[in-house]
Amino acid sequence: MAGQVITITSGKGGVGKTTATANIGAALAGLGHKVVCIDADIGLRNLDVVLGLENRIVYDLVDVVEGRCKLRQAMIRDKRLETLFLIPAAQTRDKNAISPSDMQRVCDELRVDYDYIIVDSPAGIERGFRNAIAPADQVIVVTNPEVSAVRDADRIIGIVEAEEKGPAQLVINRINMDMVNKGDMLAAADVLELLAVDLIGIVPEDQAVLVSTNRGSPIAMDKKSKTGQAFRDIAERVTGKDVPFAPQDGENGFFGRISKLIRAGSN
């Protein structure tokens, strides 16, 4: 079977999209799948830092597209997960250095040998976003449970559907149950009602994510971390497995509402 291209995007910057890309990629590799993560944020690369591979970059995505190296030469293998690879973005070029057809060609070449190609899209709806969704078989939208992020996510979801790349799936990142229970943060069920989209993951707020990012060690590799487990659950769902959402507020409370919404959406 040809590899699947999954583009991870967001309407608003700073919601944790690149962290999600790194962790979902690492989790899929941890399951034994052959995974390539592509940083499509030309000029503002960060995926290499989150994966801890910034010191090993020789060639980048633009070098591949412009013929200065072969695709394999730009791929960096993770030393901890032998089936995880990164193709970094160029830092000294802008998004116009890549076209949607370039991304399609690169991903089509990777499909032959890899199970999953995870594309880290720039935030927003400009050229970089169009590049990133061009080869996508599946689009995952990352949002935080705050009004501005949800509004921007709604716009992205609409564009994904208009481009016939949908239906998109949703990751709600950095949810804080104490704040939800106090009424200071949108609940995941509320976000789902607003966006009317399928949920693929809920990731709790966790300071350990910042530490893991600074260390270049995805938290999905930490078997003791609940947040790492959330990303591993997302990876399992990506592969088609029916993984229940971990209860945090009682079956009849917060996650009970989510279960009802998910069931209603699938009917």
- Message: Donor-acceptor pair, distance only, cut-off 3.5 Å: does the side chain of Arg45 make one with the backbone of Ala40?
- Response: no
- Message: I'd like to check Asn131 versus Asp102 (side-chain heavy atoms, cut-off strictly below 4.5 Å). Are they in contact?
- Response: no
- Message: Between Val142 and Ile118, is there shared hydrophobic-cluster membership here, with clusters defined by ILVMFWY side-chain heavy atoms closer than 4.5 Å?
- Response: yes
- Message: Between Asp113 and Arg72, does any NZ, NE, NH1 or NH2 come within less than 4.0 Å of an OD or OE carboxylate oxygen?
- Response: yes
- Are side-chain heavy atoms of Thr143 and Lys12 found at a separation under 4.5 Å? no
- Would you call Arg111 and Asp108 a salt bridge, taking side-chain N to carboxylate O under 4.0 Å as the test? yes
- Task: Would you list the pairs meeting ring-ring contact (aromatic ring centres under 6.0 Å, His included) in which at least one residue belongs to residues 3-51, sequence neighbours left out?
- Result: His33-Tyr116
- Message: Side-chain heavy atoms nearer than 4.5 Å, only ILVMFWY residues, links allowed to pass through others: does that put Leu186 and Met179 together?
- Response: yes
- Asp48 CG to Cys37 SG distance, which is reported to the nearest 0.5 Å: 11.5 Å
- Query: Under a 4.5 Å cut-off applied to non-hydrogen side-chain atoms, are Ile87 and Leu71 in contact?
  - Reply: yes
- Message: If you count heavy atoms of other groups shown closer than 6.0 angstrom to CZ of Arg155, is the number above 12?
- Response: no
- Message: Checking the side chain of Asn144 only, and the main-chain atoms of Asn173 only, is there a donor and an acceptor separated by less than 3.5 Å?
- Response: yes
- Query: Measuring from Arg232:CZ to Lys226:NZ, what's the distance to the nearest 0.5 Å?
  - Reply: 12.5 Å
- Query: For Thr7 and Thr9, does a side-chain donor sit closer than 3.5 Å to a side-chain acceptor?
  - Reply: no
- Task: Report yes if the side chains of Ser99 and Arg127 come closer than 4.5 Å at any heavy-atom pair, otherwise no.
- Result: yes
- Atom of Val15, atom of Ala149 and distance for their closest heavy-atom approach: CG1-CB, 4.2 Å
- Task: Could you grab the distance from atom CD1 of Ile6 to atom CG of Leu28, nearest 0.5 Å is fine?
- Result: 6.0 Å
- Query: Do Arg130 and Glu163 meet the salt-bridge criterion of a basic N to acidic O distance under 4.0 Å?
  - Reply: yes
- Message: To the nearest 0.5 Å, what is the distance between CG on Leu199 and CG on Leu192?
- Response: 5.0 Å
- Task: Give the minimum heavy-atom separation between Met75 and Val36, together with the two atoms involved.
- Result: CE-CG2, 3.8 Å
- Report whether Leu44 and Val62 are members of the same hydrophobic cluster (ILVMFWY, side-chain heavy atoms less than 4.5 Å apart, transitive linking). no
- Compare all side-chain heavy atoms of Leu195 with those of Ile157 and state whether any distance is below 4.5 angstrom. yes
- Query: So do the side chains of Phe231 and Ile24 get within less than 4.5 Å of each other, counting heavy atoms only?
  - Reply: yes
- Query: What is the minimum heavy-atom distance between Val5 and Pro135, and which atoms define it?
  - Reply: CB-O, 3.4 Å
- Determine, using the 4.5 Å side-chain heavy-atom cutoff (strictly less than), whether Val150 and Met177 are members of one ILVMFWY cluster. yes
- Task: Say whether, by atom type as modelled, one donor and one acceptor occur between the side chain of Asn23 and the main chain of Ala220 under 3.5 angstrom.
- Result: yes
- Message: Is the shortest side-chain heavy-atom distance between Ile76 and Leu51 below 4.5 Å?
- Response: no
- Do you know the tightest heavy-atom contact between Ser121 and Ala132? CB-CB, 3.4 Å
- Note on the structure: Here the gap from Asp63 atom CG to Gln73 atom CD, rounded to the nearest 0.5 Å, amounts to 9.5 Å
- Taken to the nearest 0.5 Å, the spacing of Arg174 CZ from Glu146 CD works out to 9.0 Å
- Query: Within a strict 4.5 Å, meaning less than it, do heavy atoms of the Cys107 and Ile38 side chains meet?
  - Reply: yes
- Query: When you measure from the side chain of Lys165 to the backbone N and O of Ala134, does any donor-acceptor pair fall under 3.5 Å?
  - Reply: yes
- Query: With Thr18, which of Thr213, Asp120, Asn46 fulfils side-chain hydrogen bond (donor to acceptor under 3.5 Å, both in side chains)?
  - Reply: Asp120
- Item | Arg151, CZ atom: more than 12 neighbouring heavy atoms under 6.0 Å | no
- Note on the structure: Heavy atoms of Val238 and Ile200 approach each other most closely as CG2-CD1, 3.8 Å
- Item | Derivation and outcome, side-chain contact (heavy atoms from CB on, under 4.5 Å), residues Arg105 and Val65 | CA-CA 9 Å; Arg105 178 173 56 81; Val65 168; 4.2 Å; yes
- Task: State, to 0.1 Å, how close Ile98 and Leu61 come at their nearest heavy-atom pair, and which atoms those are.
- Result: CD1-CG, 4.0 Å
- Message: Using side-chain contact (heavy atoms from CB on, under 4.5 Å), reason through Thr227 and Val203 one step at a time and then give a plain yes or no.
- Response: CA-CA 6 Å; Thr227 302; Val203 181; 3.6 Å; yes
- Query: Quick one: do Ile219 and Leu86 end up in the same hydrophobic cluster if we chain Ile, Leu, Val, Met, Phe, Trp and Tyr together by side-chain heavy atoms under 4.5 Å apart?
  - Reply: yes
- Item | ILVMFWY clustering at 4.5 Å (side-chain atoms), partners of Val58 | Tyr59
- Item | Residue pair Gln169 / Gln138, side-chain donor-acceptor N/O under 3.5 Å | yes
- Query: More than 12 non-hydrogen atoms from neighbouring residues, nucleotides or ligands closer than 6.0 Å to CZ on Arg56, yes or no?
  - Reply: yes
